[in-house]
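Atoms within a ligand are numbered from 1 in the order they appear, just like the ligands themselves. Model, not experiment: these values are computed from the prediction.
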Amino acid sequence: MAGFKADFLWGGAVAAHQLEGGWQEGGKGISVADVMTAGAHGVPREITDGVLPGKNYPNHEAIDFYHRYKDDIKLFAEMGFKCFRTSIAWTRIFPQGDELEPNEAGLQFYDDLFDECLKYNIEPVITLSHFEMPYHLVTEYGGWRNRKLIDFFVRFANAVFTRYRSKVKYWMTFNEINNQANYHEDFAPFTNSGVKYKAGEDREVIMYQAAHYELVASALAVEAGHKINPDFKIGCMIAMCPIYPLTCAPDDMMMSVAAMHRRYWFTDVHVRGYYPKHLLNYFARRQFKLDITEEDLQILTRGRVDYIGFSYYMSFVTKAQENNPHLDYDETKSLVKNPYVKASDWGWQIDPVGLRYSLNYFYDLYQLPLFVVENGFGAIDQPESDGVVNDQYRIEYMHNHIREMKKAVVEDGVDLMGYTPWGCIDLVSAGTGEMKKRYGLIYVDKDNEGNGTLARSRKKSFWWYQDVIKHNGENI
Ligand code: P53
């Protein structure tokens, strides 16, 4: 039986702000990640007004990849990586975000990093905006609630597309653009869009406006990228947590459809180049006044993505509720526990079959190539007496997810480009800012308080994944 393609992109995924550190090196500006303190499960990260003394900002040093990337990439090569997904920190290229000319030291850093990957035949897979936009764009412009951000982003995209046109082929525009569907919490609006809400504001309409500007910026970037190098493959990036109905009661089923509409319309716009009717009807019902011009709508049709990149960690469950005649979805209130699956220590429901379901969902709807650009198990690791982390639980998680992914390819005929497990090396958690929520196949000696030698060591999963890649997943 056929399996994964011969040129399947096995690799790993990270984001600049979660591992680079060097937050002021090479002329880098302050990003939104630089003003977020460490939190914990159930304790949100604090978003401070600039960098304040006496606070713990875990992304400032992270795991010091900025100085250690050569050794780390050597370890990725040893695992057999065919690709490495990271992001370009916007603040290394345009430190404030609104400059006219890029910062040469920042451009040079990524030239060196990509050269190091290419030395081992590792394809860089690059996200343009991964929760690390310039903080200056927040304080001066209000983040993505401002249309001016489109020009700043497109300038950034053009600068890096041009500079790396012969080094990078695979790109994504906005990481997990749909996380901000959860606009009642402060985290996603800030990390996705640099939006800080004022008391009493209608959060939802601001979220739709910011997302619209991002979608226009993404489409312009796709269009520009294809001109700079027609071989570029430029994708979107969606946080996929499929929302199941709690029961087969028809109202529960319809609630799940309505919830999926609210969380995944972003993909429709990226892929099809226009807004789905259900969302336009919703805007009309809510009487949202959005700045969406005729020209914007033209741009959206021109800048459609080449593939769908998505993260998959968990599935969600919803049910119909009283007094909700329109089946409106509120991510902070509409979700319930799935009685059939277990959850991680951070409450993320573990559901490998949900990955097969997600691959089928996307492929049935869009027939575009898919790329699983994040998947993994955040857990507390304890090195044993010999110093090795025996992370059998992580191996089991990944094994079960790869097996379901394989069924989607072999049995269901989904076109899958690759698989890059999240945090292939331990790094700072985005959601909580912790180090102890580890995803890596490589252990990094550093704790939540910032103590540790930063030394790297191979976990048991390192050898396991090396074997998976070597056999192109045939042993799963
Ligand atoms: P952490 C929420 C839901 C799904 C994925 O997350 C998410 C989030 C945000 O926390 O984020 C992605 O570190 C994101 C990465 C992040 C990773 O998943 O909170 O693209 O930056 O680190 C894992 O455990």
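Each of the atoms 1 (P), 19 (O), 24 (O) of ligand 1 lies under 4.0 Å from some heavy atom of Lys437. In summary, the atoms of ligand 1 found under 4.0 Å from a heavy atom of His130, numbered by their order in the structure, are 14 (C), 15 (C), 20 (O), 21 (O).
Summarising the geometry of Arg145 relative to Tyr213, their closest heavy-atom pair is O-CE1, 3.4 Å, with the distance given to 0.1 Å. Annotation for Tyr135 and Thr48: closest pair OH-O, 3.6 Å, computed over non-hydrogen atoms.
Under a 4.0 angstrom heavy-atom cut-off, Trp346 registers as lying outside contact with ligand 1.
The shortest N or O to N or O distance between Asn175 and ligand 1 is under 3.5 Å. Where the criterion is an N or O separation shorter than 3.5 Å, residue side chain and backbone included, Ala430 meets it with respect to ligand 1. Looking at ligand 1, you won't find any N or O of Val428 less than 3.5 Å from one of its N or O atoms. Considering backbone and side-chain N/O atoms, Trp348 never comes within less than 3.5 Å of an N/O atom of ligand 1.
Counting only heavy atoms of the protein, atom 20 (O) of ligand 1 lies nearest to Glu374 OE2, 2.8 Å. In this structure, the protein non-hydrogen atom closest to atom 9 (C) of ligand 1 is Phe187 CE2, 3.8 Å. Here the protein heavy atom with the shortest distance to atom 23 (C) of ligand 1 is Tyr439 OH, 3.4 Å. For atom 19 (O) of ligand 1, the closest non-hydrogen atom of the protein is Gly431 N, 2.8 Å. The protein heavy-atom contact nearest to atom 3 (C) of ligand 1 is Met314 CE, 3.8 Å. In terms of protein heavy-atom proximity, atom 11 (O) of ligand 1 is closest to Glu176 OE1, 2.9 Å. Among protein heavy atoms, atom 22 (O) of ligand 1 sits closest to Gln18 NE2, 2.8 Å.
Contact check on Lys28 versus Asp34 returns a salt bridge, with a Lys/Arg side-chain nitrogen under 4.0 Å from an Asp/Glu carboxylate oxygen. Using a 4.0 Å cut-off between charged side-chain N and carboxylate O, Arg92 and Glu25 make no salt bridge. Under a 4.0 Å N-O distance rule, the pair Glu331/Arg262 does not qualify as a salt bridge.
With hydrogens and angles left out, the side-chain atoms of Asp415 and Tyr307 include no donor and acceptor closer than 3.5 Å. Side-chain contact annotation: Thr127 with Arg85, donor-acceptor N/O pair under 3.5 Å present. One side chain, Tyr393 or Asp381, offers a donor N or O that lies under 3.5 Å from an acceptor on the other.
Counting heavy atoms closer than 4.0 Å to ligand 1, residue Tyr313 contributes side-chain atoms (C-beta onward) but none from N, CA, C or O. Of the heavy atoms in Ser429, both backbone and side-chain atoms come closer than 4.0 Å to ligand 1.
Looking only at side-chain heavy atoms (C-beta outward), Ile425 and Leu75 stay at 4.5 Å or farther from each other.
Trp90 pairs with exactly one of Phe152, Phe153, Phe174 by the ring pair (Phe, Tyr, Trp, His ring centres under 6.0 Å) rule, that one being Phe153.
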